[in-house]
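One-based numbering, in listed order, for ligands and for the atoms of each. No hydrogens, no waters, no symmetry mates; every other heavy atom, side chains included, goes into these values.
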Amino acid sequence: MWDPQQYALFASHRGRPFADLLARVGAEQPRLVVDLGCGDGPLTLSLTRRWPGARVVGLDSSPQVLDAARALDTDDRVEWVQVRAEEWDPTTLGAPVDVLVTNAALQWVPGHLDLLPRWADALADDGWFAMQVPSNFDAPSHALMRQVAARHPRADHLLPVLHRAAAVAAPAEYLGALASLGLEVDVWQTTYEHVLDPGGAQRSPVLEWVRGTGLRPVLDVLTDDAERAAFLDDYTAALDAAYPREPWGVVLGFTRTFAVGHRLSRP
Ligand SMILES: C[S@@+](CC[C@H](N)C(=O)[O-])C[C@H]1O[C@@H](n2cnc3c(N)ncnc32)[C@H](O)[C@@H]1O
């Protein structure tokens with residue numbers, strides 16, 4: 001579902017929303033910090049530097065990703081646990097959670113709005129929940145992916161997996177869901193104008209960007225080389241037209257939704 005090496009090609013762009021999200025979390029000396037859908041480690045380890053006294057737990061569904069995270073965590077600072085978000089039982093931690101962060105992961109978890117009560121319930125008094133999801137389902141990068149899929153010979157297999165990826169709710173829905181759980185809520189959207197590949201080294205920087213995440217379902221279906229090449233040729237041409245190269249690079253507009261909930265005290 002996710003290609004960490006490909007993702008790391010754009011690490012500074014990808015890390016920016018995490019920093020913007022955590023900037024709105026006011027916890028000073030949390031005891032327990034959880035990163036849900038933590039990925040291969042660098043961002044979770046940054047939590048240990050911000051809160052050196054905290055127990056930090058990284059949860060992810062992928063064993064390969066967690067192996068990479070463990071290799072990066074040379075001081076054994078984080079507890080890395082394999083679990084699907086849908087099945088995670090916060091009571092197994094044995095303590096209330098002071099900060100629960102989930103960055104760029106819930107788009108892979110359909111129905112995650114229904115999981116918010118369980119996660120909010122896991123928060124300590126003065127605890128924080130912080131999430132960020134991409135809201136780019138209608139951006140040209142993704143709309144063109146669906147258009148190319150619709151005219152590909154394997155359309156019947158491609159379209160369902162691409163539509164399944166539409167698991168992200170509107171900002172107001174996150175606000176309503178978290179506020180109704182008794183949290184003080186801060187929700188916003190940001191569109192980043194990412195300048196990709198200013199040096200001109202990549203044939204199609206937007207293609208390289210989506211290869212790390214949004215295109216994964218397509219690549220997983222198209223295991224035949226010829227079928228994959230046909231898709232990528234058609235898609236690359238469409239991306240070239242939608243994202244022309246400027247003298248400073250290729251500009252990818254990318255909208256993300258952020259939601260932070262603060263539990264002031266239990267009702
Ligand atoms: C795009 S990566 C983001 C990783 C990291 N949070 C970051 O911001 O760099 C999404 C992560 O969510 C994980 N993931 C996908 N579905 C999941 C699920 N159902 N439960 C837990 N983790 C999941 C993937 O394995 C991957 O590590």
Side-chain angles (χ1 to χ4, degrees), residues 1-25 33-50 56-73 78-90 92-93 97 99-116 118-119 122 129-137 141-142 161 164-169 190 192 194 208-220 252 254-260:
M1 260 205 176
W2 182 52
D3 182 338
Q5 277 181 331
Q6 194 69 22
Y7 200 79
L9 289 179
F10 300 99
S12 68
H13 291 296
R14 300 281 198 188
R16 168 76 190 279
F18 186 82
D20 291 348
L21 177 67
L22 267 294
R24 299 295 299 165
V25 172
V33 175
V34 176
D35 187 357
L36 180 58
C38 59
D40 61 345
L43 298 179
T44 316
L45 288 171
S46 76
L47 299 174
T48 69
R49 292 189 289 276
R50 172 162 172 186
V56 178
V57 180
L59 308 172
D60 203 284
S61 57
S62 161
Q64 294 83 1
V65 158
L66 288 170
D67 284 346
R70 283 190 193 95
L72 199 65
D73 181 15
V78 176
E79 297 168 37
W80 305 101
V81 180
Q82 190 203 340
V83 68
R84 281 161 46 83
E86 300 86 327
E87 280 133 33
W88 175 52
D89 174 2
T92 57
L93 294 169
V97 180
V99 178
L100 173 48
V101 58
T102 177
N103 187 62
L106 295 183
Q107 71 275 16
W108 298 118
V109 183
H112 57 259
L113 275 175
D114 296 337
L115 299 171
L116 294 179
R118 190 194 303 170
W119 299 340
F129 171 78
M131 62 169 284
Q132 181 273 120
V133 282
S135 297
N136 58 345
F137 190 73
S141 54
H142 288 60
V161 296
R164 206 162 49 220
V168 171
T190 297
Y192 297 91
H194 296 297
E208 297 309 318
W209 177 286
V210 297
R211 261 186 206 277
T213 49
L215 194 62
R216 293 306 311 166
V218 170
L219 300 177
D220 290 345
L252 172 67
F254 199 123
T255 302
R256 296 179 179 273
T257 298
F258 300 77
V260 174

### Message
Please enumerate all residues that pass salt bridge (charged side-chain N to carboxylate O under 4.0 Å, His left out) together with Arg16, with sequence neighbours excluded.
### Response
Asp20
### Query
Hey, is Cys38 touching ligand 1 through its side chain, its backbone, both or neither, going by heavy atoms under 4.0 Å?
backbone
### Message
Counting neighbours of CZ on Arg24 that are heavy atoms of other residues, nucleotides or ligands and sit closer than 6.0 Å, is the number greater than 12?
### Response
no
### Query
Sub-3.5 Å donor-acceptor pair from the side chain of His194 to the main-chain atoms of Leu252, do we have one?
no
### Side chain Asn103, main chain Gln132, donor-acceptor under 3.5 Å
no
### Message
If we ignore hydrogens and angles and just use 3.5 Å, is the side chain of Asp40 paired with the main-chain N or O of Ala69 as donor and acceptor?
### Response
no
### Task
Over all heavy atoms of both residues, which pair between Arg256 and Arg14 is shortest? Give the atoms and the distance, please.
NH2-NH1, 3.9 Å
### Query
ligand 1 and Gly37, any nitrogen or oxygen pair closer than 3.5 angstrom?
yes
#### Entry: CE on Met131 to CD on Gln107, rounded to 0.5 Å
9.0 Å
### Query
Just which atoms of ligand 1 are under 4.0 Å from any heavy atom in Arg84?
20 (N)
#### Entry: Check: Val65 N/O within less than 3.5 Å of ligand 1 N/O
no
### Task
Output the list of atoms in ligand 1 that are nearer than 4.0 Å to some heavy atom of Ser62, sorted by atom number.
25 (O)
#### Entry: Per-atom contacts, ligand 1 versus Leu43 - under 4.0 Å to a heavy atom
7 (C), 8 (O), 9 (O)
### Query
Can you name the ring-ring contact (aromatic ring centres under 6.0 Å, His included) partners of His142, sequence neighbours left out?
none
### Query
How does Leu36 reach ligand 1, if at all, at less than 4.0 Å between non-hydrogen atoms: by side chain, backbone, both, or neither?
neither
### Per-atom contacts of ligand 1 with Val109, taking only distances under 4.0 Å to non-hydrogen atoms
18 (C), 19 (N)
### Query
Does some non-hydrogen atom of Val83 fall short of 4.0 Å from ligand 1?
yes
### Message
Distance under 4.0 Å to a non-hydrogen atom of Gly39: what atoms of ligand 1 satisfy this?
### Response
4 (C), 27 (O)
### Message
Is the contact between Glu86 and ligand 1 made by the side chain, the backbone, both, or neither, using heavy atoms and a 4.0 Å cut-off?
### Response
side chain
### Query
Looking at side-chain heavy atoms only, is the closest gap between Val83 and Ser61 below 4.5 Å?
no
### Query
With only distance considered, is Asp60 within less than 3.5 Å of ligand 1 through an N or O on each side?
yes
#### Entry: Residue pair Thr257 / Ser135, side-chain donor-acceptor N/O under 3.5 Å
yes
### Message
Pairs of nitrogen or oxygen atoms closer than 3.5 Å, one from Trp108 and one from ligand 1: do any exist?
### Response
no
### Message
With heavy-atom distances below 4.0 Å as the criterion, list the atoms of ligand 1 near Ala105.
### Response
12 (O)
### Query
Can you find an N or O of Asn103 that's nearer than 3.5 Å to an N or O of ligand 1?
yes
### Message
Under 4.0 Å from a heavy atom of Ser61: which atoms of ligand 1 are those, numbered in the order shown and with their elements?
### Response
14 (N), 15 (C), 16 (N), 17 (C), 18 (C), 20 (N), 21 (C), 22 (N), 23 (C), 25 (O)
### Those atoms of ligand 1 less than 4.0 Å from some heavy atom in Ala104
1 (C), 2 (S), 3 (C), 10 (C)
### Query
Can you list the steps and then say if Arg70 with Asp73 is a salt bridge (Lys or Arg N to Asp or Glu O under 4.0 Å)?
CA-CA 5 Å; Arg70 283 190 193 95; Asp73 181 15; over 6 Å; no
